[in-house]
Amino acid sequence: VFGATIHQAAIAIDRARLSKEAMEQTARLASERFRSALLSSISHDLRTPLATITGSVTSLRQFGDRMTPESRDDLLISIEEESGRLARFVANLLDMTRIEAGTVNPKHDWVDLSDVIRDTTERARKYFPGSEIETSIAADMPLVHGDSVLLGQVLFNLIDNAVKYAGDEPISIYSRRDGDCAIVSVTDQGKGIPEKDLEKVFEKFFRRGGKTDGGKSGTGLGLAIARGFVEAMGGTIKAESPAVRKRGTRFTLRFPVPEQPRLEDMNT
Ligand code: ADP
């Protein structure tokens, strides 16, 4: 009996080693895929703005004194925009690298999601002046554990996408408690995402692209980062495109509600 147990244990250890090797192999392949996607993305997302910046600077140096103030302004604005794009791309790459390396380490403070929604919406309204952003926040929202800066970044990103892909239609942000979870959702009334891509949009560098996205620029990292941050805080994020109307997309964040703190336990 003893021998048989040792034999079984040896098989179990072997299996564990195999599955560890398989996991390492999968991780290696995933990081190779990340690296090659990174290289092709870098060549596009860094080179294109850099080419515009270099071209505009050269024109300004060579012909600036003969240009109308409007043409000069156009060139300066494009330099400003492209530099902003570069800065965002680099920030996204750094966030993605932290997620890949498992070094996000979000805070686990008590967070009032209603405050995060109010602050982020206010920021978004200033940033996208033409957009219509409505909020509906349940009065009895429970507190959750999380990092308000990362939560704000995730929410801003979802609003940014809604503005980018849903044009002038209103965007609604909605929060409530659902059993053991606190929910925040961002819904737009744009073209929606087909069922087959609802999970893919969370992959690094995945962009639907083409005419469906109206040729909007982006890096394909926003939602991968959003999922990485949300999961690091113990939550989930999913996308739905209501099949009934075939219009609009809803992104839903879900966080477990811990036992609520007593007033004296609260961090100020
Ligand atoms: P990016 O916007 O930089 O391409 P994201 O990771 O934020 O990267 O989004 C990935 C893709 O998901 C987008 O390219 C777009 O095709 C699709 N997508 C994201 N948000 C929406 C939305 N609200 N409506 C329709 N499509 C969306």
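All ligand and atom numbering here is 1-based and tracks the order in the structure. Predicted model, so just to flag it, every value in this text is computed and none were measured. Only this structure's heavy atoms are used, side chains among them; waters, hydrogens and symmetry mates stay out.
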Can you measure from OG (Ser185) to CZ (Arg176) and round to the nearest 0.5 angstrom?
-> 8.0 Å
Which atoms of ligand 1 are found less than 4.0 Å from any heavy atom of [X]?
X: Phe206; answer: 10 (C), 11 (C)
X: Val201; answer: 6 (O), 10 (C), 12 (O), 17 (C)
X: Lys164; answer: 1 (P), 2 (O), 3 (O)
X: Leu223; answer: 5 (P), 6 (O), 7 (O), 9 (O), 19 (C)

Thr68 and Ser71: side-chain hydrogen bond (donor to acceptor under 3.5 Å, both in side chains), yes or no, with the steps?
-> CA-CA 5 Å; Thr68 61; Ser71 315; 2.7 Å; yes
Below 4.0 angstrom, N of the basic side chain to O of the carboxylate: do [X] and [Y] qualify?
X: Arg177; Y: Asp140; result: no
X: Glu122; Y: Arg125; result: no
X: Arg254; Y: Asp178; result: yes
X: Arg227; Y: Glu199; result: yes

From Asp188, Leu158, Asn161 - option closest to atom 7 (O) of ligand 1 by heavy atom | Asn161
Out of Lys200, Arg207, Lys204, who gets a non-hydrogen atom closest to atom 4 (O) of ligand 1?
-> Arg207
Any Gly220 heavy atom less than 4.0 Å from ligand 1 |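 Gly220: in contact with ligand 1 (<4.0 Å).
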Compute the minimum heavy-atom distance from Lys191 to ligand 1 and say whether it is under 4.0 Å.
-> no
Please report the closest heavy-atom contact between Phe156 and Ala124, naming both atoms and the distance.
-> CE1-CA, 3.8 Å
Report yes if some N/O of Gly218 lies less than 3.5 Å from some N/O of ligand 1; otherwise report no.
-> no
May I ask you to check whether Gly222 has an N/O atom sitting below 3.5 Å from an N/O atom of ligand 1?
-> yes
